[in-house]
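Atoms within a ligand are numbered from 1 in the order they appear, just like the ligands themselves.
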Amino acid sequence: MRVVVTGTPGTGKTTATERLDTDLDVVHLNDVIREEGLYTERDEERDSLVADIDALVETYADADDVLVESHLAHHLDDADRVVVLRCAPETLAERLRERDESEAKARENAESEALDVILGEAVGKHGRERVYEVDTTDRTPDEVAAEIAAVIDGEREPSAGEVDFTEYLL
Ligand code: ADP
């Protein structure tokens with residue numbers, strides 16, 4: 001079983017997967033990118049690393065019984081289930097400000113969330129039948145972890161496009 005948990009930064013992937021009780025090996029991909037040097041350059045303006053996606057795909061090509069968490073996790077091949085965490089853009093921006101991200105980054109990610117960018121990429125790569133959207137806006141981290149566990153246990157039907165944050169763009 002290969003599960004990926006993706007979503008715009010600030011949707012709560014790290015927090016929820018840290019609380020998840022699962023037999024799968026949980027990989028926090030952003031830590032791996034930094035620790036293993038799986039990046040092509042440093043983006044000084046954004047104070048971030050530009051991940052080497054080909055290297056990530058290759059590194060996890062044969063991994064089994066894993067759950068990989070990151071806003072890049074949906075780029076991995078052959079995922080059995082793709083969980084896309086969602087969050088209302090205003091709430092997402094608030095979470096990012098509280099995490100001491102810059103105002104520019106908070107706004108950029110809120111807009112990206114309103115435009116369904118990661119959901120669209122996930123559906124495009126893996127197909128709707130493998131995608132499970134989870135709206136975290138009014139859920140605690142433990143409730144989000146329980147939703148992810150339900151996906152892993154086969155207790156949820158696939159869902160994509162059920163949340164609509166386009167009002168944020170008006
Ligand atoms: P991601 O890994 O998706 O970038 P994080 O897990 O780092 O997101 O969470 C971003 C911020 O939002 C953190 O400060 C975290 O404490 C907070 N947070 C995460 N999940 C929730 C939630 N379900 N409800 C409220 N705040 C949350």
Side-chain angles (χ1 to χ4, degrees), residues 2-22 24-36 38-39 42-43 45-53 56 59-60 63 66-76 79 81-123 125-126 130-152 155-156 159-160 162-165 168:
R2 286 162 64 84
V3 176
V4 301
V5 177
T6 186
T8 308
T11 48
K13 302 175 295 295
T14 313
T15 309
T17 53
E18 276 172 355
R19 289 156 184 259
L20 188 64
D21 188 12
T22 176
L24 300 176
D25 188 9
V26 176
V27 176
H28 299 288
L29 198 55
N30 293 3
D31 292 345
V32 176
I33 291 168
R34 197 175 49 247
E35 286 159 15
E36 309 281 333
L38 298 178
Y39 52 88
R42 281 174 194 278
D43 183 335
E45 202 178 312
R46 288 197 167 84
D47 187 26
S48 62
L49 301 172
V50 180
D52 184 342
I53 301 215
L56 293 177
T59 301
Y60 289 96
V66 285
L67 178 150
V68 180
E69 166 275 308
S70 160
H71 65 293
L72 300 170
H74 59 284
H75 291 289
L76 299 191
R81 295 179 191 161
V82 178
V83 181
V84 182
L85 298 192
R86 306 300 309 268
C87 180
E90 294 87 350
T91 307
L92 182 96
E94 211 41 56
R95 288 186 191 172
L96 290 172
R97 288 185 195 108
E98 276 170 24
R99 204 174 71 178
D100 283 335
E101 303 285 359
S102 68
E103 185 57 28
K105 195 161 176 184
R107 282 173 195 240
E108 189 181 321
N109 282 307
E111 187 163 313
S112 167
E113 179 65 359
L115 290 168
D116 297 341
V117 171
I118 289 191
L119 178 73
E121 289 176 0
V123 168
K125 180 166 175 92
H126 300 280
R130 292 184 200 276
V131 172
Y132 301 76
E133 229 176 353
V134 175
D135 188 351
T136 72
T137 311
D138 296 315
R139 286 190 165 105
T140 65
D142 282 333
E143 287 170 337
V144 177
E147 288 288 332
I148 298 170
V151 172
I152 296 169
E155 292 165 3
R156 269 200 52 174
S159 61
E162 287 182 3
V163 305
D164 181 0
F165 298 140
Y168 177 81

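- Here the CD atom belonging to E69 is positioned 8.0 Å from the CD atom belonging to E18, to the nearest 0.5 angstrom.
- What sits closest to atom 8 (O) of ligand 1 on the protein, heavy atoms only, is G12 N, 3.2 Å.
- Atom 13 (C) of ligand 1 has as its closest protein heavy atom R99 CD, 4.2 Å.
- The protein non-hydrogen atom at the shortest distance from atom 2 (O) of ligand 1 is T14 OG1, 2.5 Å.
- Side-chain atoms of D43 and S48 form no donor-acceptor pair, as typed in the model, at a separation below 3.5 Å.
- Taking the side chain as every heavy atom from C-beta outward, V4 and R2 never approach each other to under 4.5 Å.
- At a threshold of 4.5 Å between non-hydrogen side-chain atoms, the residues L92 and F165 do not count as touching.
- Among protein heavy atoms, atom 3 (O) of ligand 1 sits closest to K13 NZ, 2.7 Å.
- Of the residues listed (R156, R81, R86), the one engaging E133 in a salt bridge (Lys or Arg N to Asp or Glu O under 4.0 Å) is R86, and it is the only one.
- Taking only nitrogen or oxygen atoms, main chain and side chain alike, G10 reaches within less than 3.5 Å of ligand 1.
- Using a 4.5 Å heavy-atom cutoff, the side chains of L20 and V5 are not in contact.
- Less than 4.0 angstrom separates some heavy atom of P9 from each of these atoms of ligand 1: 4 (O).
- Atom 17 (C) of ligand 1 has its closest protein heavy atom at R95 CD, 4.1 Å.
- Of the N and O atoms on the side chains of D135 and T137, at least one donor lies less than 3.5 Å from an acceptor on the other residue.
- The residue L96 has no part lying near ligand 1, judged by heavy-atom distances below 4.0 Å.
- Side-chain contact check for I33 versus L72: some heavy-atom pair is nearer than 4.5 Å.
- The protein heavy atom nearest to atom 23 (N) of ligand 1 is R139 O, 2.8 Å.
- When hydrogens are left out, the protein atom nearest atom 9 (O) of ligand 1 is T15 OG1, 3.6 Å; that is the closest non-hydrogen contact.
- Between the side chains of T136 and R95, a donor-acceptor pair is found at a separation under 3.5 Å.
- The closest approach between any non-hydrogen atom of G7 and ligand 1 is not below 4.0 Å.
- Under 4.0 angstrom from ligand 1, there are no non-hydrogen atoms of E143.
- Proximity to T11 (heavy-atom distance under 4.0 Å) selects the following atoms of ligand 1: 3 (O).
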